[in-house]
Amino acid sequence: MKFLYLIPLLSLVSCYETTRNCKDYKTGEFYSEVVVNNELFTSKFKRTEGLQVETYNNKIDSSKLRWINDCEVIFKTIKPKNMAEQKDIHLKILTTTDSTYTFEYSYVGETKKQKGIAYRIK
């Protein structure tokens, strides 16, 4: 009899669907926030279909983009300055709103992922 109570609850949960209008975020200007080890990191970036130029700590970094699908992209640093920058980054958009998207990212081939949020500037 306890299972009869679960049926309505499960039907409500199964109706919930996250919004992902990833095409809206393939291009534009954004501001992002990522928390790593309880420290907040922020950056600004401008993205076209094939290029992203990011400003972080007053340094400019450019990456080529290879879109896997509308919600996943691989970043390849154009002029890496060290071994870490030589590693490609995989980013996946998890949810979107009218002005933000949440994402997770990791180095390609690694399982440890970080999450963040990006806000549309323009």
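The basis for the numbers below is simple: all heavy atoms, side chains too, and nothing from hydrogens, waters or symmetry mates.
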Rounded to the nearest 0.5 angstrom, the OH-CD1 distance for Tyr107 and Ile89 is 5.5 Å
Heavy-atom nearest pair, Tyr119 first then Glu33, reads OH-OE1, 3.5 Å
Side-chain contact, heavy-atom cut-off 4.5 Å: Thr77 with Gln86?
no
So which atom in Ile60 and which in Lys81 form the shortest heavy-atom distance, rounded to 0.1 Å?
O-NZ, 4.5 Å
Tyr56-Leu65 co-clustered via ILVMFWY side chain contacts under 4.5 Å
yes
Shortest non-hydrogen contact from Ser63 to Leu51?
O-CD1, 3.3 Å
Of the non-hydrogen atoms in Phe45 and Ala118, which two are nearest, and what is the gap between them?
CZ-CB, 4.3 Å
Measuring from atom OG1 of Thr95 to atom CD1 of Ile117, what distance do you get when rounded to the nearest 0.5 angstrom?
7.0 Å
In terms of heavy-atom contacts, does NZ of Lys26 have more than 12 from other residues, nucleotides or ligands at under 6.0 Å?
yes
Looking at side-chain heavy atoms only, is the closest gap between Gln52 and Val73 below 4.5 Å?
no
Return yes if some donor-acceptor pair links the side-chain N/O of Thr96 with the main-chain N/O of Asn21 below 3.5 Å, else return no.
yes
At what distance, to the nearest 0.5 angstrom, does NZ of Lys23 lie from CG of Asp70?
5.0 Å
Are Lys113 and Lys92 close enough, and set up right, to give a side chain to side chain contact (heavy atoms under 4.5 Å, CB included), and what steps lead you there?
CA-CA 10 Å; Lys113 298 184 184 317; Lys92 181 177 182 179; over 6 Å; no
Could you grab the distance from atom CZ of Phe75 to atom OH of Tyr105, nearest 0.5 Å is fine?
11.0 Å
Would a 4.5 Å heavy-atom cut-off, applied to side chains only, mark Thr102 and Thr100 as touching?
no
Heavy atoms, side chains only, cut-off 4.5 Å: are Phe41 and Val36 in contact?
yes
Please answer: with hydrophobic residues joined when any side-chain heavy atoms are less than 4.5 Å apart, are Tyr31 and Tyr101 in the same cluster?
no
Nearest-0.5 Å distance, SG of residue Cys22 to CG of residue Leu94:
9.0 Å
Show, in sequence, the C-alpha distance, side-chain angles and deciding distance for Glu54 and Ser43, and conclude whether the side chain to side chain donor-acceptor pair (under 3.5 Å) test is met.
CA-CA 7 Å; Glu54 181 174 13; Ser43 70; 2.7 Å; yes
I need the minimum non-hydrogen distance between Lys112 and Ser106, along with the two atoms involved.
O-CB, 3.2 Å
Atom NE2 of His90 and atom CD1 of Ile68: how far apart are they, to the nearest 0.5 Å?
4.0 Å
Mind checking salt bridge (Lys or Arg N to Asp or Glu O under 4.0 Å) for Lys46 and listing every partner two or more places apart, or none if nothing turns up?
Glu29
If you define the side chain from C-beta out and look only at heavy atoms, does anything of Thr27 sit under 4.5 Å from Glu49?
yes
Set out, in order, the CA-CA distance, both residues' side-chain angles and the distance that settles side chain to side chain contact (heavy atoms under 4.5 Å, CB included) for Lys87 and Val108, then state yes or no.
CA-CA 7 Å; Lys87 296 180 180 180; Val108 171; over 6 Å; no
In short, Val34 meets Phe103 closest at the heavy-atom pair CG2-CZ, 3.8 Å
